[in-house]
S.K.: 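Have a look at this one before I ask anything.
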Number of protein chains: 2
Amino acid sequence: MSQVEIVGPLDEAVGYVLKQAATALRAAMDAVLRPLKLTVPQYACLEVLDQRPGLSSAELARATFVTRQSMNLVLRGLQQRGLLTRAAVAEHGKALPTELTDAGRAQLRAASVAVCAIERQMLAPLAPNAQHRLLADLAACAAALSGECQARSTEHAVME
Amino acid sequence: MSQVEIVGPLDEAVGYVLKQAATALRAAMDAVLRPLKLTVPQYACLEVLDQRPGLSSAELARATFVTRQSMNLVLRGLQQRGLLTRAAVAEHGKALPTELTDAGRAQLRAASVAVCAIERQMLAPLAPNAQHRLLADLAACAAALSGECQARSTEHAVME
DNA sequence: TGACTCATGTCAACATTCTGACACACACTC
DNA sequence: GAGTGTGTGTCAGAATGTTGACATGAGTCA
């Protein structure tokens with residue numbers, strides 16, 4: 001029985017530390033977003049929508065790692081508060097393009113400042129180059145897991 | 001407008017990529033644990049308990065990033081399946097020490113092998129030294145967030 | 001001793017998210 | 001044109017996790 005198959009101490013397991021970091025980030029974001037009356041999924045929705053206006057609910061859901069059904073509730077809440085608008089009728093297929101309102105953009109701006117502060121706090125112990133490295137490594141890890149389903153051709157690492 | 005306060009493209013936001021990696025890992029773990037009739041929280045519970053026998057439900061909850069109440073349900077399910085035992089009476093305070101049974105250890109062994117395979121797949125694109133660096137960087141990020149939160153809310157940080 | 005604080009286990013109510021299911025709209029093939 | 005496949009929006013139910021609350025046991029300090 002080789003040691004490779006045994007999980008070492010938890011602090012040395014990447015999965016555990018990844019979960020720890022994600023949990024801490026989630027809690028911190030939740031704390032700073034609460035005064036703005038925004039949940040993390042709501043903020044994520046606004047952020048994605050600001051960068052990619054016109055996205056449908058289903059596309060938004062994939063971008064924020066939730067189901068279409070959950071995103072639908074999020075959108076409904078944000079729409080009622082006047083932070084975004086959805087087309088009443090579909091131009092193409094059944095997808096209803098969604099866009100931020102001015103109020104939504106203003107709210108997002110405030111939230112974005114708060115969240116950026118959290119990110120800076122999180123990355124404070126790391127040098128700038130280490131921060132970029134972390135970003136690239138995490139992206140590679142995510143791709144290595146999710147990419148397995150569709151393409152196994154990633155035999156070689158793509159460096160940019 | 002200063003660029004510092006604006007979240008850049010999502011792919012360059014550490015929080016976003018962190019969430020992406022955590023979600024992918026969670027989904028992959030869920031897939032390999034399902035045949036073993038284990039959920040991710042259940043596996044996490046077994047893993048922690050194996051490394052630190054005798055932990056109470058509350059301690060277990062903190063170690064696996066859930067509430068005491070949730071952990072209680074997890075423990076109840078695992079206990080009914082004979083994978084762990086809880087002391088009927090508390091020796092000290094109200095804490096009920098928990099330990100794995102032989103069946104629990106066997107189940108954990110199988111799960112651990114599967115999860116380790118996932119971790120290796122996730123880390124495959126990274127060189128060994130990059131893997132250790134990622135581990136350390138993530139730990140530093142988590143500490144930078146949770147340490148600050150604790151210090152601000154309770155005024156005194158408990159370091160061990 | 002008594003009051004206080006802290007941690008634990010547990011109950012109940014609540015919120016959030018997911019799974020399963022259905023109908024609809026478009027693109028493609030035959 | 002008819003059939004098929006994919007993507008989308010939506011409803012309902014279930015599972016999951018959380019917050020709030022309470023009683024209990026142990027330690028601390030006046």
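Below, chains carry the letters A, B, ... as their sequence lines are ordered, and counting in each starts from 1.
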S.K.: Just checking A:L73: base, sugar-phosphate only, or nothing, at a heavy-atom cut-off of under 4.0 Å?
M.R.: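 Base contact - A:L73 has a heavy atom under 4.0 Å of at least one base atom.
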S.K.: Quick one: A:Q79 CD to D:dT10 P, roughly how many Å, whole number?
M.R.: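 For the pair A:Q79 CD and D:dT10 P, the rounded distance is 9 Å.
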S.K.: So if I take every side-chain heavy atom of B:A95 and compare against C:dT17, D:dG17, C:dT8, which nucleotide ends up nearest?
M.R.: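 Output: C:dT8.
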S.K.: Output yes when at least one side-chain N/O atom of A:R76 is less than 4.0 Å from OP1 or OP2 of D:dC11, else no.
M.R.: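 Yes.
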S.K.: side-chain contact (heavy atoms from CB on, under 4.5 Å), that's the test. Do A:Q42 and A:R81 meet it? Break it down for me.
M.R.: CA-CA 12 Å; A:Q42 285 172 336; A:R81 287 162 59 180; 3.9 Å; yes
S.K.: With clusters defined by side-chain heavy atoms of hydrophobic residues (ILVMFWY) lying less than 4.5 Å apart, directly or transitively, does A:L60 cluster with A:L83?
M.R.: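 Yes, one cluster joins them.
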S.K.: Please step through side-chain contact (heavy atoms from CB on, under 4.5 Å) for the pair A:L134 and A:L123, ending with a clear verdict.
M.R.: CA-CA 10 Å; A:L134 176 63; A:L123 293 173; 4.1 Å; yes
S.K.: Write down the distance between CE (B:M71) and P (C:dA7), rounded to a whole number of angstrom.
M.R.: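 Nearest whole value for this atom pair: 18 Å.
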S.K.: Do the side chains of A:D30 and A:R34 get close enough for a salt bridge, i.e. N-O under 4.0 angstrom?
M.R.: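 Answer for the salt bridge query: yes.
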S.K.: With rounding to the nearest 0.5 Å, note down the distance linking CG in B:L75 to CZ in B:R86.
M.R.: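 That separation rounds to 5.0 Å.
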S.K.: For B:A111 and B:L33, work out which heavy atoms get closest and say how close.
M.R.: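 It is CB-CD2, 3.7 Å.
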S.K.: With no hydrogens and no angle check, do the side chains of B:E59 and B:S56 hold a donor and an acceptor under 3.5 Å apart?
M.R.: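 The answer is yes; a qualifying pair exists.
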S.K.: Rounded off to whole Å, could you give me the NZ-to-P distance for the B:K94 and C:dC11 pair?
M.R.: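 Computing the B:K94:NZ to C:dC11:P distance gives 10 Å.
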S.K.: Output the rounded distance in Å from CZ (B:R34) to P (C:dT19).
M.R.: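 Those two atoms, CZ and P, are 8 Å apart.
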S.K.: Provide, to the nearest angstrom, the distance between the CG atom belonging to A:L75 and the P atom belonging to D:dT8.
M.R.: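 In whole Å, D:dT8 P and A:L75 CG are 13 Å from each other.
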S.K.: Atom CG of A:N72 and atom C1' of D:dG7: how far apart are they, to the nearest Å?
M.R.: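 Whole-Å distance recorded here is 15 Å.
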S.K.: Using the side-chain heavy atoms of B:L96, tell me which of these nucleotides is nearest: D:dT10, D:dT18, C:dT10.
M.R.: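 Of the candidates, C:dT10 comes closest.
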S.K.: Expressed in angstrom and rounded to an integer, what is the separation of A:H92 atom NE2 from C:dC24 atom P?
M.R.: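 So the two atoms are 19 Å apart, to the nearest Å.
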S.K.: Check the distance between D:dT24's P and B:E91's CD and give it to me in whole angstrom.
M.R.: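 For the pair B:E91 CD and D:dT24 P, the rounded distance is 21 Å.
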S.K.: Near DNA chain C, which residues from residues 53-69 of chain A have a heavy atom under 4.0 Å away?
M.R.: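 Heavy-atom contacts with DNA chain C come from A:V66, A:T67, A:R68, A:Q69.
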